[in-house]
Amino acid sequence: MKKYTPLTSLLLLLVINASFFESLNGAKILAIFPFSGRSQYICAENYLKALAARGHNVTVISAFPQAKPLQNFNDVPIVFESHDWSDIILDGNFPSISTWEALDLGIDFLTSSTRKVLEHPEVQKWLTNGDTFDLLIVEALEQDALYALAHHFKALLVGVSSFGTDIRIDELVDNVSPLSYIPAVTSHFTDHMNFYQRLESLYISVLDMLHYHYKILPLQYDLYREYVKNPTTDFMEIRKNFSLLLLNQHFSIGLPRPYVPNAIEVAGFHISHKPKSLPTDMEEFINASANGAIYFSLGSNINSKNLSKEKISILMKVFAALPYNILWKFEAPELPGKPKNVYISKWFPQADILAHPKVKLFITHGGLLSTIETIHYGKPIVGMAIMYDQFINMVRAEAKGFALSINFGEFTAAGLKSAILEVLQNPKYAQRAAEISRLYHDQPMKPLERAIYWTEYTLRHHGAPHMRVAARDLNFFEYHSIDTITVLFGVPLCLLVFTLWLMYKLMKIIARSWNVQNKKEKVN
Ligand SMILES: *[C@@H]1O[C@H](CO)[C@@H](O)[C@H](O)[C@H]1NC(C)=O
Ligand SMILES: *[C@@H]1O[C@H](CO)[C@@H](O)[C@H](O)[C@H]1NC(C)=O
Ligand SMILES: *[C@@H]1O[C@H](CO)[C@@H](O)[C@H](O)[C@H]1NC(C)=O
Ligand SMILES: *[C@@H]1O[C@H](CO)[C@@H](O)[C@H](O)[C@H]1NC(C)=O
């Protein structure tokens with residue numbers, strides 16, 4: 001047998017190390033963020049840029065290509081007919097529909113965004129050429145046909161969820177969310193629920209699950225069959241082959257809860273951590289406000305210019321009467337009758353505004369990214385939740401004591417004004433905001449570093465199968481211990497029933513023979 005000399009061992013070691021670092025630094029990454037909502041992409045953008053900056057070759061399919069080309073960062077833009085939610089949501093006058101119908105509202109949107117990606121010539125080219133990637137990063141939200149691409153690109157699969165997890169996302173890595181203290185994302189509850197709240201939360205979760213499995217998944221499977229030329233029959237298997245799930249949550253912001261090892265909380269990973277100075281006129285306007293300034297924004301997906309006339313006039317009336325300057329994200333160039341202490345702009349550098357020491361209050365729709373940014377910079381809020389997880393974010397913020405929430409559908413001038421003044425003038429809100437901010441910042445590494453670390457860990461360890469819980473290999477009955485519980489409690493129960501039956505039979509036999517004896521005695 002040939003022995004390795006020290007020199008060949010050294011060379012071998014160098015080769016091994018070189019290939020190790022090569023695969024680590026130069027991974028070929030495909031990221032798919034198909035939603036047309038700006039905020040879903042903002043959530044991941046910094047993370048993807050950071051991966052590119054670390055030398056990975058990052059290709060991103062999204063509706064938001066970079067304005068200036070970035071090194072190692074290739075955009076594959078997809079175009080959406082932008083979906084205008086304004087008409088349904090802007091006055092909080094949601095049509096009264098059932099939970100099931102509400103779930104149905106998203107179907108067209110999900111189907112068309114999945115289709116947009118699958119039919120893209122670039123994606124089709126990769127599929128026909130048999131191109132491969134080392135890693136596929138997807139937004140984890142009911143787009144299973146896209147998750148399945150990982151199998152065809154021979155890529156490891158990483159999911160990013162912009163709101164944390166729910167019963168549908170849990171399934172992808174067999175995560176656990178005890179329904180007894182983890183409310184459904186679309187509910188309005190905290191982690192301390194009474195019986196009826198737990199019942200409602202359970203009901204919502206079961207509907208979510210049924211809707212996912214019986215309406216969304218069949219559609220996703222059809223899309224997969226339509227666009228992937230050599231489909232595998234094992235769609236249900238490959239769609240949930242996730243190595244890692246990055247969740248935009250943290251227990252200091254949401255609630256303390258358990259996770260499986262490959263579900264990692266990275267809330268705040270979208271924040272770049274380096275506040276820049278504000279445009280001069282903006283900062284002058286903030287500086288000019290002796291009592292500090294207020295920032296008001298309904299987020300990137302909602303246009304406040306489309307609010308009803310009544311709502312706009314209430315807002316203007318309230319703002320005009322406040323001894324504070326207000327920055328208002330308003331998308332039109334003109335706001336007729338705009339009070340002097342209001343500054344409008346269609347875009348604000350939100351993080352830099354919140355970082356400014358003279359900005360004292362954030363009036364927000366309560367989107368999770370905005371909520372995280374306000375906690376990052378320790379500012380209290382007045383919340384007006386409009387849809388989806390915004391309600392639960394605001395319920396939590398109120399429970400944590402750094403927010404007051406008002407009803408967006410029917411707020412009055414008096415109600416809005418008193419909420420604003422209460423949060424600004426009662427110091428407890430700002431104090432709580434500062435405390436929560438301290439808790440959030442007290443982490444062993446920054447959220448973005450953590451996201452990068454676990455992503456590269458996944459690459460280093462070839463999908464890190466050692467992190468996956470064994471639940472993946474169990475069926476429903478095994479997973480919920482229904483089979484073992486049945487045996488544990490069922491067998492003694494059967495034995496008991498059998499024993500009782502036996503005793504009954506025996507007693508009958510004894511009684512009969514006793515009767516026979518009696519009769520015989522009587523006859524005799
Ligand atoms: C990066 O990946 C893209 C997509 O596969 C490919 O077209 C490009 O050539 C790669 N760039 C480098 C520098 O390898
Ligand atoms: C929103 O306002 C713009 C004008 O500023 C208008 O063109 C658009 O149709 C409005 N959208 C809705 C849904 O009302
Ligand atoms: C605003 O005030 C701060 C501190 O008082 C000062 O450093 C900054 O230069 C001022 N900015 C402008 C644009 O006046
Ligand atoms: C699932 O992912 C692992 C890597 O984590 C990979 O080795 C395996 O082939 C994948 N399975 C399928 C069915 O694609």
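Atoms within each ligand, like the ligands themselves, are counted from 1 in listed order.
Remark: the backbone N or O of K358 is paired with a side-chain donor or acceptor of H356 at under 3.5 angstrom.
Using modelled atom types, one finds no donor on one side chain facing an acceptor on the other under 3.5 Å when comparing E139 with S161. Remark: the D134 side chain and the N57 side chain contain no N/O donor-acceptor pair separated by less than 3.5 Å.
With ligand atoms numbered from 1 in the order given, ligand 1 contributes 2 (O), 3 (C), 4 (C) to contacts under 4.0 Å with heavy atoms of T59. Set against the non-hydrogen atoms of E284, the atoms of ligand 3 under 4.0 Å away are 13 (C), 14 (O). Heavy-atom proximity to K28, at under 4.0 Å, picks out these atoms of ligand 1: 2 (O), 5 (O).
The aromatic rings of F235 and Y221 sit tilted relative to each other, their planes meeting at an angle between 30° and 60°.
Counting heavy atoms under 4.0 Å from ligand 1, residue D131 does not touch it at all.
With Y259 as the aromatic partner, R257 meets the cation-pi criteria of under 6.0 angstrom to the ring centre and within 45 degrees of the ring axis. Geometrically, R460 engages Y453 in a cation-pi contact, judged by NZ or CZ lying under 6.0 Å from the ring centre and within 45° of the ring axis.
Remark: ligand 3 and T280 share no N or O pair separated by less than 3.5 Å (distance only, no angle test). For ligand 1, none of its N or O atoms has an N or O atom of W126 under 3.5 Å away.
The ring pair (Phe, Tyr, Trp, His ring centres under 6.0 Å) test with W328 is passed by exactly one of F319, F362, W347: F319.
A salt bridge links D174 with K240: the closest approach of a Lys/Arg side-chain nitrogen to an acidic carboxylate oxygen falls below 4.0 angstrom.
Residues I61 and L30 form a side-chain contact, since some pair of their non-hydrogen atoms from C-beta on lies under 4.5 Å apart.
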Which protein N or O atoms sit under 3.5 Å from any N or O of ligand 4? Give atom names and distances.
unit_1   : atom_1 : unit_2 : atom_2 : d
ligand 4 : 2 (O)  : N241   : OD1    : 3.3
ligand 4 : 2 (O)  : N241   : ND2    : 2.4
ligand 4 : 5 (O)  : R468   : NH2    : 3.1
ligand 4 : 11 (N) : N241   : ND2    : 2.7
ligand 4 : 14 (O) : H151   : ND1    : 2.7

